[in-house]
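For reference, the structure is listed below as structure tokens.
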Amino acid sequence: MTEDLAPQYDPTAIEAPLYRKWRDEGRFHVEADAPGEPYVIQMPPPNVTAVLHAGHGLNNTIQDVLIRFHRMRGRKALWVPGTDHAGIATQNVVEKRLAQDGQSRFDLGREAFVEEVWTFVGETGGQILRQLEALGAACDWDRTYFTLDPGLSRAVREVFVTLHEQGLIYRGKYIINWCPRCLTALSNEEAEKEETEGRIWHLRYPLADGSGGIVVATTRPETMLGDMAVAVHPDDPRYQAMIGAELALPLTDRRIPVIADTAVEQDFGSGAVKVTPAHDPTDFEIGRRHGLEQLDIMTDDAHLNDTVPERFRGLDRFVARKQVVAEFEALGLLERVEPHRHAVGHCYRCGTIIEPRLSDQWFVRMAPLAEPALTAYREGALEFIPARQGEIYTNWLEQIRDWCISRQLWWGHRIPVWYCDADGCERTIVAREDPESCPGCSGTLRQDPDVLDTWFSSWLVPFSSLGWPEQTADLKAFYPGSALVTAPEILFFWVARMVMAGLHFQGEVPFQTIYLHGTVRDTQHRKMSKSLGNGIDPLEVIERYGADALRYTLVSGMAVGTDVILDPADIDSSFAPGRNFANKLWNIGRFLLGHLDADVPRLANVAPEELTAFDRWIIGRANAAIRQATTEYERHRLNDAAAAAYHFLWSDFADWYLEAAKPRLYGTTPDGRVARAVAAHLFDAALRLLHPVMPFITETLWLRLPHSDPTGALIASPWPIPFDVVDGTASRDVAAVQAIVGAIRGLRAEYGVAPGREVSATIVDASPAARQAISELGETIRRLAKLERITMQDTIPGEAGGTIVLEDGTSVIVPLGDLVDLDRECARLGDEAKKLEGLVRGLEAKLANPQFTSRAPAAVVEGEREKLEVWRHQVASLRQKRQALGCPG
RNA sequence: GGGCGAAUAGCUCAGCUGGUCAGAGCGCCUGCCUUACACGCAGGAUGUCGGGGGUUCAAGUCCCUCUUCGCCCACCA
């Protein structure tokens with residue numbers, strides 16, 4: 001039971017075997033019919049091709065902390081893991097591999113390519129889930145899902161068809177965000193807007209009759225080849241005469257009209273806008289209002305197509321831009337060029353500049369779904385951490401636009417829509433089950449070639465992962481979930497949409513708490529990324545310092561809503577907090593276990609009168625730590641919860657209690673047994689408090705403690721509750737001990753007393769607490785301060801000594817003979833007195849102010865009076881000491 | 001342009017309902033290998049709480065304003 005611990009803390013030796021033990025004992029699994037109130041977290045499913053990075057480390061640590069905490073609190077805790085098929089990302093990875101062999105997906109063809117992706121996923125996919133085991137993630141692996149699993153695919157299809165039936169899914173031709181590299185449409189969220197230093201070109205379009213012309217401003221000159229009109233504001237006095245006129249579109253032989261539309265801002269640019277209905281959302285709307293033709297001038301990969309004059313055909317869009325500008329310049333039609341800062345959309349997967357493009361796509365009507373999601377938040381069904389994220393959520397929902405869900409990819413959920421091409425039939429079938437043939441004409445059907453946005457399966461996870469559309473026991477037991485932990489980046493991609501889907505299909509929000517944590521960044525506050533090479537590999541950290549050190553460092557460095565800053569160039573000091581603390585814990589355990597035996601009495605069986613002041617004090621500190629850590633975990637302030645356990649263990653338990661209790665622990669006296677009982681029980685409780693953050697080391701130490709917990713594992717044992725012990729004057733007495741010991745240690749350091757040399761101390765004007773502390777705990781003081789003896793007396797000793805006056809007026813004097821420099825001591829006492837006199841004067845003035853004494857609460861005034869008394873007393877003592885030493889002045 | 005937020009010790013940040021709130025960790029300085037721990041022990045230094053106004057008996061804490069910085073959204077081409 002008190003089997004020896006390795007002298008050196010070696011996390012690699014304990015972590016992996018312990019994880020296996022937990023898993024083999026079924027500690028992570030929970031049945032639907034298990035007792036207790038459920039606590040459910042859905043892991044944000046990592047991409048199936050992902051490898052663990054620092055962000056995953058932080059994200060999953062937080063979830064694991066919450067799961068472990070709530071399990072210990074008696075909840076039926078379920079953490080559901082899974083992976084996302086990640087349409088574009090995964091397809092890109094496999095395409096890159098093919099490219100190494102000089103192949104493209106088109107060489108293979110759709111079926112073979114998809115087969116290839118499945119093979120790739122089968123061979124290398126999901127390794128991140130295995131890496132999470134090293135982190136200690138207590139997920140229920142029996143419920144691991146993949147978003148392309150048959151069950152989840154059924155859910156996707158059910159949702160698509162239902163929304164279609166409800167008129168919330170439609171197909172239409174609109175301007176969408178097109179990635180010319182991935183060759184697919186993207187949603188608005190997938191087009192990342194980046195402020196870019198660009199230019200704006202002012203181009204002159206001459207009137208068809210040759211009389212002057214009109215100047216338009218554009219950031220994308222190449223699109224002028226698709227212009228169908230120039231628009232001005234109907235009220236713009238400058239252009240009244242022009243409205244209705246015909247312009248000769250330069251570089252082409254086309255004629256376009258000048259039209260009036262209120263969408264035009266008179267103040268911007270020249271007040272005249274070229275209208276390209278097929279390549280700009282605003283222009284698209286203007287074009288619709290005026291019945292303009294939509295001329296798509298580009299190919300899928302953003303080269304100019306056959307609609308433009310021959311010399312431009314086949315040119316890349318940016319090459320074409322240069323050429324268009326050059327030709328305008330040659331014609332004398334380039335008025336001027338200005339620098340211009342504007343937001344340009346980039347593909348969130350490959351970074352390619354988005355091409356706004358007219359295209360036939362499927363959309364989800366979002367307004368009807370957003371409405372309940374807003375209401376739910378406003379009615380308090382959702383709690384954001386930090387709370388301000390709720391405003392961002394609201395802001396987004398209020399101006400939501402329809403969601404483009406079709407993707408021109410091959411890897412993903414195929415859209416469940418079939419078309420009948422038979423003449424005169426041309427039916428569209430949207431169905432849950434694959435139809436054999438056209439129900440209208442029995443003709444052959446052709447399935448829509450597109451797949452769905454990856455997020456169209458992700459937004460269903462809170463219920464699809466539990467078996468929906470089947471009404472499973474899991475669904476009943478574990479929906480809705482409790483918390484959702486993720487980075488703010490996917491608040492719109494995923495979190496808000498899950499809320500909508502949950503409300504729409506289950507009638508309830510999928511989780512109550514939305515915990516949005518910060519990002520792991522380097523010392524320059526840059527996001528860690530592969531391309532910048534500034535990443536920290538969590539697995540490397542785990543290998544070097546252990547998962548517990550990694551986890552503690554991440555949690556302690558993470559206040560709610562702030563980023564975690566780590567230095568990739570100095571892993572050693574970055575993870576020092578966790579590493580140091582884990583080592584400290586190990587050594588506390590080693591020391592304590594070395595002094596325990598199997599028959600340590602239960603604390604409940606120790607008579608109250610057997611407890612010393614230090615025992616009662618440390619129990620009080622433990623109770624405070626239990627209360628605080630519990631509250632902080634509940635409030636999701638994990639760093640504060642961890643700090644509560646940390647400070648209790650290190651500053652109170654190790655630094656003071658164990659140090660003070662050493663003689664008792666070394667011996668075999670009855671009070672030694674009491675100390676062992678106290679130490680064992682409080683250490684047990686503290687390990688419980690810390691277990692959510694540092695599961696491995698706490699479990700390892702806990703298993704070696706003598707106890708009779710029936711669960712047999714810390715991971716499954718109950719959360720600690722405060723001990724029922726009366727403090728009496730214990731905390732006051734120990735505080736006095738700490739003050740006296742601190743004063744003596746300070747004086748020793750001040751005068752360079754050799755560490756081994758014993759001195760004596762004289763206490764004058766002892767306060768009641770000091771008096772009691774010295775008479776009851778004098779031996780402890782003597783040992784902790786390395787004293788030969790400590791005495792109390794009424795008068796200041798004649799011998800020269802260092803003096804410190806404590807806050808309660810007690811004077812601690814250490815006679816040091818020759819070691820004391822009298823001048824220095826006089827100056828020190830004098831400075832101290834002066835400083836205090838200043839404070840006294842300030843406080844006297846404050847108390848003399850009737851405004852203060854009449855308006856401030858009585859307790860505050862009383863507190864200030866007491867403080868004044870103490871300070872006055874201190875000043876008097878200091879003066880007295882100076883006099884006794886014969887100080888000048 | 002709209003929304004949200006931040007400025008506290010060299011660094012990263014706490015300070016939650018205005019009155020022991022000027023703190024923690026890391027780093028730094030001094031002394032110690034005191035048989036649990038040098039990833040340690042003991043002691044120590046460092047802040048006009050971004051600037052300026054205001055409310056209050058009392059303000060890192062509330063309000064206004066300026067400066068600087070960050071995040072999200074956005075069809076001024």
Hey, is the main chain of [Y] close enough, under 3.5 Å, to the side chain of [X] for a donor-acceptor pair?
X: R783(A); Y: E659(A); answer: yes
X: D261(A); Y: I286(A); answer: no
X: D548(A); Y: F696(A); answer: yes
X: R238(A); Y: Q266(A); answer: yes
X: D402(A); Y: M366(A); answer: yes
X: H279(A); Y: I297(A); answer: yes

Name the nucleic acid region contacted by [X], choosing base, sugar-phosphate or nothing; use a 4.0 angstrom heavy-atom cut-off, strictly under.
X: R637(A); result: base
X: W201(A); result: nothing
X: Y666(A); result: sugar-phosphate
X: D655(A); result: sugar-phosphate
X: R220(A); result: nothing
X: K527(A); result: nothing
X: F581(A); result: nothing
X: P386(A); result: nothing
X: D280(A); result: nothing
X: E750(A); result: nothing
X: I588(A); result: base
X: A754(A); result: nothing
X: A549(A); result: nothing
X: K274(A); result: nothing

Using the ring of F591(A) (Phe, Tyr or Trp, six-membered ring only), decide whether K662(A) places NZ or CZ under 6.0 Å from its centre and within 45 degrees of its axis.
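Relative to the ring axis of F591(A), which defines the angle, K662(A) lies inside both limits.
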Report yes if a side-chain nitrogen or oxygen of [X] is closer than 4.0 Å to either non-bridging phosphate oxygen (OP1 or OP2) of [N]; otherwise report no.
X: H340(A); N: A77(B); value: yes
X: R401(A); N: C75(B); value: yes
X: H525(A); N: U12(B); value: yes
X: K662(A); N: U34(B); value: no

Check the distance between [N]'s [atom2] and [X]'s [atom1] and give it to me in whole angstrom.
X: L638(A); N: C13(B); atom1: CG; atom2: C1'; answer: 16 Å
X: R321(A); N: A77(B); atom1: CZ; atom2: P; answer: 13 Å
X: R579(A); N: C26(B); atom1: CZ; atom2: P; answer: 10 Å

Report the secondary structure of RNA chain B in dot-bracket form, marking unpaired bases with a dot and bases paired to a different strand with |, and treating Watson-Crick or G-U pairs with both distances under 3.5 Å as paired.
(((((((..((((.....[...)))).(((((.......))))).....(((((..]....))))))))))))....
Would you say the side chain of [X] and the base of [N] hold a donor-acceptor pair, judged only by whether the two atoms sit under 3.5 Å apart?
X: R635(A); N: C16(B); value: yes
X: E195(A); N: A74(B); value: yes
X: E659(A); N: A42(B); value: no

Parallel, tilted or perpendicular: rings of F268(A) and H340(A) (30°, 60°):
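Rings of H340(A) and F268(A): perpendicular, as their planes differ by over 60°.
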Evaluate the ring planes of Y393(A) and Y377(A), with Trp represented by its six-membered ring, and classify them as parallel (under 30°), tilted (30 to 60°) or perpendicular (over 60°).
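Because their plane-to-plane angle is over 60°, the rings of Y393(A) and Y377(A) count as perpendicular.
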So if I define the base as every atom that isn't primed, P, OP1 or OP2, how would nucleotides 3-8 of chain B read as a B/S/- string at a heavy-atom cutoff under 4.0 Å?
SSS---
Closest nucleotide among [options] to the [X] side chain:
X: W396(A); options: A77(B), C73(B), G19(B); answer: C73(B)
X: N583(A); options: C75(B), C39(B), A36(B); answer: C39(B)
X: L658(A); options: A36(B), A42(B), A74(B); answer: A36(B)
X: T562(A); options: C13(B), A24(B), C76(B); answer: C13(B)
X: N587(A); options: C73(B), A77(B), A36(B); answer: A36(B)

Y552(A): which residues meet the side-chain hydrogen bond (donor to acceptor under 3.5 Å, both in side chains) condition with it, sequence neighbours left out?
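None.
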